[in-house]
Amino acid sequence: MKLTVLGGGGVRSAFLAKSLAYNAHRIGLQEVVFLDSSEENLKIFGEIARYVFSQIRPDIHFSLTTDAVSALTNANYVITTLRVGGDESRVHDERIALNHNTLGQETTGAGGFAMAMRSIPAILNYCRLIEEHAAPDAILFNFTNPSGLVTEAIIKSGFKRRVYGICDAPSELIRELPAILNCDESDLSVECYGLNHFSWFTHFTVKGKDVTDRLINNPDLYSKTAMQYFSPELVQLCDKQLLNEYLYYYYYREVALKAIQDAPETRGEMIARINHEMRDELRSINVKENPKAAFDIWMKHYLRRENSYMQNESQQEKFNTRTPLTLQQFIEEPDSGGYAGVALDILEAVNSTTTKRIVVSLQNNGTLDFLRPDDVIEISCDLSKEGLKPVTPVHVPDAQKNMLSSVKEYERLAVAAILQKDKSLAVRALMAHPLIGSWSLADKLVNEYLTAAHINDWK
């Protein structure tokens with residue numbers, strides 16, 4: 001079996017390589033290819049990933065390439081993790097929105113639309129190559145952000161292979177809950193529903209017994225999990241449902257906006273600065289010949305990124321800041337799975353005799369009856385050898401239905417606008433977005449994002 005990663009020269013590639021190496025036996029992997037359009041990224045981050053992978057599974061052929069056709073030829077599985085436009089585009093996306101006094105967060109805010117304008121055409125080009133060169137039964141796992149929009153665009157473009165949107169945010173929160181409830185992870189059952197980066201968690205049971213009140217009344221929930229950004233009062237108002245961390249930008253909109261505006265730099269500017277400093281230091285050595293030294297540099301800067309996550313927006317320190325690891329410690333540390341774990345769970349299920357619950361983005365097909373059947377949603381699925389069975393949530397409050405319907409309307413229009421290259425649809429999309437909701441603002445944003453992306457062929 002051959003697995004290809006599109007965007008394999010990204011900063012997080014070492015984590016993906018580690019996860020794939022530790023779980024390769026689950027799906028019979030024989031070949032792994034990390035593809036990236038940037039040769040420099042492959043020489044730096046790709047080489048670190050190669051070393052990590054080869055230390056764990058030296059028996060599996062691992063390669064780096066900028067040749068998309070060779071990378072995708074006979075591929076059985078494809079994972080996309082692209083950042084089209086790089087850090088510079090993210091900086092522009094956020095600043096354009098902030099200049100108009102609105103959130104430009106790169107997936108949830110107006111910046112998410114700008115990112116989708118770049119991501120979707122790039123992904124669809126790869127999709128054509130997948131259909132031409134990959135194995136006939138190839139499966140595509142999309143982690144390219146904004147993941148929900150990109151996944152919906154892939155499906156609605158007529159792509160003929162199976163495709164799933166994957167994200168690690170829901171799984172990470174769910175993995176934090178057993179420690180709060182003092183139970184085994186296998187005994188906890190949770191329902192997640194909504195859209196990517198716009199979801200809620202409900203119906204918490206341990207061995208079939210409802211533990212919702214015990215969970216939401218535990219102070220540790222609000223200090224030792226991603227729920228640290230939300231108040232207990234808000235959870236009560238949400239009918240005792242937990243929230244995806246990205247909902248912070250909706251429920252604390254003016255707080256987040258002011259904090260970002262008052263900060264000395266945006267998140268995108270911070271990431272760009274850290275990445276620039278990381279690259280400068282890594283350029284001073286030969287990564288292939290000195291992987292341990294390269295890893296130490298990478299780890300130092302990577303933790304600067306991760307440990308500062310959402311600090312500007314929430315004015316809070318992360319509860320689970322990480323300390324540096326040596327290369328050997330990193331390799332030996334238990335694998336947390338991440339988004340690769342979700343993909344591997346799906347692939348392994350066909351040979352499994354057990355059922356596992358995961359969160360994945362796929363077509364609605366009636367699971368949430370207040371949305372359209374062809375809408376892509378993010379939903380808990382019970383995974384077995386019979387495939388993926390979406391779990392219809394026990395209860396979706398009217399407030400959540402209304403919010404989901406509004407954001408889904410934005411997503412539908414955004415996908416249509418990008419697929420049809422239609423400026424008027426793009427304006428309608430941002431008008432529907434709850435964080436924008438204004439024709440005059442939407443019109444300005446669309447014009448400025450098209451100009452910044454050098455897009456001039458929209459009607």
Pair R267 + E313, salt bridge at N-O below 4.0 Å: no
Taking side chain as C-beta onward, heavy atoms only, is T202 less than 4.5 Å from L242? no
Side-chain heavy-atom pair Y22, I331 within 4.5 angstrom cut-off: yes
Using modelled atom types and a 3.5 Å cut-off, is there a donor and acceptor pairing between side-chain atoms of K408 and backbone atoms of V376? yes
Are any of the side-chain nitrogens in R322 or E333 under 4.0 Å away from the carboxylate oxygens of its partner? yes
Testing Q241, E378, H395 for side-chain hydrogen bond (donor to acceptor under 3.5 Å, both in side chains) with Y193, which one passes? Q241
Does E40 have any side-chain hydrogen bond (donor to acceptor under 3.5 Å, both in side chains) partners at least two apart in sequence or in another chain, and if so, which? R283
Could you tell me how the ring of Y252 sits relative to the ring of F230: parallel (under 30°), tilted (30 to 60°) or perpendicular (over 60°)? tilted
With the threshold set at 4.0 Å, does a side-chain nitrogen-carboxylate oxygen contact exist between R279 and D87? no
Ring-plane angle category for F62 and F34, please: parallel below 30°, perpendicular beyond 60°, tilted otherwise. tilted
Counting only heavy atoms not in K43, do more than 12 fall under 6.0 Å of its NZ? no
Scanning both residues in full, the closest heavy-atom pair of A17 with F53 reads O-CD1, 3.3 Å
For I154 versus V163, what's the shortest heavy-atom pair and its separation? CG2-CG2, 4.1 Å
Sequence neighbours excluded and cut-off under 3.5 Å, please list the side-chain donor-acceptor pairs for residues 286-296, or say none.
unit_1	atom_1	unit_2	atom_2	d
N286	OD1	K288	N	3.1
N286	OD1	E289	N	3.0
N290	ND2	N286	O	3.3

Begin from the C-alpha positions of E332 and Q328 and carry the test side-chain hydrogen bond (donor to acceptor under 3.5 Å, both in side chains) through to its verdict. CA-CA 6 Å; E332 294 175 354; Q328 195 59 36; 2.9 Å; yes
Is any side-chain N of the basic residue among D345 and R26 closer than 4.0 Å to the acidic one's carboxylate O? yes
Report yes if some heavy atom in the side chain of L362 is under 4.5 Å from a heavy atom in the side chain of C381; otherwise report no. yes
Could you pull out the closest heavy-atom pair between Y248 and A256, with the gap in Å? CE2-CB, 3.7 Å
Tell me, do L303 and T323 make a side-chain contact under 4.5 Å, heavy atoms counted? no
Look at the aromatic rings of Y302 and W298 and report parallel, tilted or perpendicular, splitting at 30° and 60°. parallel
Test item: T80 and I123 side chains (from C-beta on) under 4.5 Å apart, heavy atoms: yes
Flag this pair as yes if the NZ/CZ of K18 is under 6.0 angstrom from the six-membered ring centre of F330 and inside a 45 degree cone about the axis; otherwise no. yes
What are the two closest heavy atoms between I274 and H301, and how far apart are they? CG2-O, 3.5 Å
Under the criterion side-chain hydrogen bond (donor to acceptor under 3.5 Å, both in side chains), I'd like the reasoning laid out for Q311 against Q316: C-alpha separation, chi angles, the key distance, then a yes or no. CA-CA 5 Å; Q311 281 187 7; Q316 294 184 47; over 6 Å; no
Under the criterion side-chain hydrogen bond (donor to acceptor under 3.5 Å, both in side chains), I'd like the reasoning laid out for N142 against T151: C-alpha separation, chi angles, the key distance, then a yes or no. CA-CA 6 Å; N142 176 60; T151 302; 3.2 Å; yes
Which heavy-atom pair separates G8 from L42 by the least distance, and what is that distance? C-CD2, 4.3 Å
What do the steps show when you test T107 against Q105 for side-chain hydrogen bond (donor to acceptor under 3.5 Å, both in side chains), and what is the final call? CA-CA 6 Å; T107 58; Q105 202 278 334; 3.0 Å; yes
Distance-minimising heavy-atom pair for H25 and R57: N-NH1, 3.8 Å
Would you say R95 and T266 make side-chain contact, with heavy atoms under 4.5 Å? yes
Beyond-backbone contact of I418 with P121, side-chain heavy atoms, under 4.5 angstrom: yes
